Each structure stands twice: as structure tokens, then as C-alpha cells.
*Asks:* 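First, the structure itself, so that you have it in front of you.
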Amino acid sequence: MMVSKNYMDKVLISHGSLQMVPMQKRHIIPMYSTMSQENLFEAEAVYKVDLMKTLIEYSETPDVFAIENSKEPLAIVGITGITHQQAVMWTVFSEKMKENWFSFVKASPKLIDYLHTHYHEIIVDTWEGNHKMLQWLGWLGFDLIEMYCNENGFNMAHFVRCNQRRKNVYAFPSRPVIH
């Protein structure tokens with residue numbers, strides 16, 4: 001008999017029945033088995049990534065989170081720092097997110113605010129065929145900076161979002177030099 005550690009989940013954000021918790025190994029199989037077709041295609045064809053292996057590698061690492069409804073994972077959101085001020089965000093969705101999409105969209109500003117507590121600039125590159133992701137990023141205030149063709153021949157959208165409320169000037173290249 002397997003002992004569930006659900007009672008130990010640290011809820012980072014909550015909105016209605018949705019909760020964001022640190023990703024754990026228990027999220028991998030339920031998430032992968034209900035993965036959206038767009039995300040499976042994007043991982044396997046666009047990026048040439050083994051999504052199951054990637055989820056295993058990222059499970060229980062800092063800055064990777066599961067969005068759940070009644071302990072069932074609906075999305076995995078990760079953020080990887082590039083510099084002290086800049087990070088790349090990635091997201092995969094379950095087909096079951098469709099039933100919770102409006103709640104997720106309403107909760108998304110809390111998610112982005114949470115991610116912006118550590119990074120001024122968040123970058124997202126996504127395949128142009130993932131229409132729901134493109135709409136979601138636009139709604140969240142990400143700016144479409146450019147379209148480009150990736151190394152595997154797919155058209156990609158490059159988005160950037162800066163946290164206008166954050167007043168940290170120390171990591172910006174324009175800061176004054178003091179001798």
C-alpha cells in the first residue's frame with residue numbers, strides 16, 4: 001500500500017478550487033497521461049524532447065509547480081533563471097484544464113505576480129500553433145517581441161513580460177558605476 005503525502009503539500013497560491021503546489025513525483029503520471037495534444041506535439045516535434053523524461057527530471061526541483069484541482073494536476077509551470085533578473089517560463093497543460101480554463105485564467109495574475117517576486121523579466125517561447133497559449137500570454141500582458149523559426153523548422157513566438165511594479169535597479173545594465 002502506498003502512503004500518500006498529500007497532507008504535506010505546501011499551497012503557494014489558491015484561487016477557488018485551484019491550488020498551486022511544488023511539483024512532486026506523484027504529479028508525473030496523472031499529468032503525462034492527460035497531456036494536451038498541443039503540448040505533446042510541441043514537446044516531441046517542435047523541441048524534440050521526451051516529455052515524460054523531462055517531467056521526471058523537473059519533479060521536486062525548485063521553481064516547478066503543479067496547478068491542481070482536488071489534488072489532480074491540470075498544469076505544470078516552471079521558471080528557470082537566466083540571470084538574477086531574467087527567467088524563462090514554460091508550461092504544459094492537461095486536457096482536463098479545458099474544464100477549469102476560466103478559473104485558471106482568473107487565477108493567472110496571481111501566478112505571474114508570484115513568479116515576478118524573483119524575476120523582473122519573464123520570457124516565453126512557444127510554438128505558433130498553440131493558440132490557447134498565445135491568447136493566455138497576451139491576456140497576461142506578455143509582449144510579442146518576434147516570430148522566428150527554431151532549429152527544427154517550426155515558427156515560434158517570443159514573448160517577454162516585465163514587472164513594472166518591481167523597483168530593483170541593481171541588476172539593470174543602466175545602473176551608475178561607482179568607483
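Numbers here simply count residues along the sequence, with the first being 1. Just so it is clear, the model here is predicted, and its values are computed rather than measured.
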*Asks:* Met52 and Phe41: same hydrophobic cluster, using ILVMFWY side-chain contacts below 4.5 Å?
*Replies:* no
*Asks:* Which residues satisfy the side-chain hydrogen bond (donor to acceptor under 3.5 Å, both in side chains) test with Gln135, sequence neighbours excluded?
*Replies:* none
*Asks:* Rounded to the nearest 0.5 Å, how far does NZ of Lys10 lie from CD of Gln24?
*Replies:* 12.5 Å
*Asks:* Under the ring-ring contact (aromatic ring centres under 6.0 Å, His included) test, which residues partner Phe104, sequence neighbours left out?
*Replies:* Phe93, Trp101, Trp136
*Asks:* Go through the structure and list residues passing side-chain hydrogen bond (donor to acceptor under 3.5 Å, both in side chains) with Ser14, not counting sequence neighbours.
*Replies:* none
*Asks:* Measuring centre to centre across the rings, with the benzene-like ring taken for any Trp, is Phe65 within less than 6.0 Å of Tyr58?
*Replies:* no
*Asks:* If only atom types and distance count, is the side chain of Glu95 paired as donor or acceptor with the main-chain N or O of Gln37 below 3.5 Å?
*Replies:* yes
*Asks:* Using atom types as modelled and distance alone, determine if a side-chain donor or acceptor of Asp50 lies under 3.5 Å from a backbone N or O of Lys53.
*Replies:* yes
*Asks:* Distance from Met20 atom CE to His15 atom NE2, nearest 0.5 Å?
*Replies:* 13.5 Å
*Asks:* With side chain to side chain donor-acceptor pair (under 3.5 Å) as the test, would you mind laying out the steps for Glu42 and Asn130 before giving the verdict?
*Replies:* CA-CA 8 Å; Glu42 193 168 353; Asn130 196 339; 3.1 Å; yes
*Asks:* Could I get the full list of side-chain hydrogen bond (donor to acceptor under 3.5 Å, both in side chains) partners for Glu72, not counting sequence neighbours?
*Replies:* Lys96
*Asks:* My understanding is that only residues two or more places apart in sequence, or in another chain, count here; which of them pass side chain to side chain contact (heavy atoms under 4.5 Å, CB included) with Val49?
*Replies:* Tyr47, Thr54
*Asks:* Checking His27 against Glu68 for the side chain to side chain donor-acceptor pair (under 3.5 Å) test, could you report, in this order, the C-alpha distance in whole Å, the side-chain angles of both residues, the deciding distance, and whether it holds?
*Replies:* CA-CA 9 Å; His27 293 116; Glu68 300 179 323; 2.6 Å; yes
*Asks:* Just to verify, what does Tyr148 make a ring-ring contact (aromatic ring centres under 6.0 Å, His included) with, not counting sequence neighbours?
*Replies:* none
*Asks:* Any chance you could measure Leu55, atom CG, to Met31, atom CE, to the nearest 0.5 Å?
*Replies:* 7.5 Å
*Asks:* Quick check: does any side chain N or O of His158 sit under 3.5 Å from a backbone N or O of Ile145, one acting as donor and the other as acceptor?
*Replies:* no
*Asks:* Can you tell me how far apart NZ (Lys132) and CG (Leu134) are? Round to the nearest 0.5 Å.
*Replies:* 12.5 Å
*Asks:* Do Ser36 side-chain atoms and Asn39 backbone N/O form a donor-acceptor pair below 3.5 Å?
*Replies:* yes
*Asks:* Side-chain contact, heavy-atom cut-off 4.5 Å: Lys106 with Leu18?
*Replies:* no
*Asks:* Is the backbone of Asn152 close enough, under 3.5 Å, to the side chain of Asn150 for a donor and an acceptor to pair up by distance?
*Replies:* yes
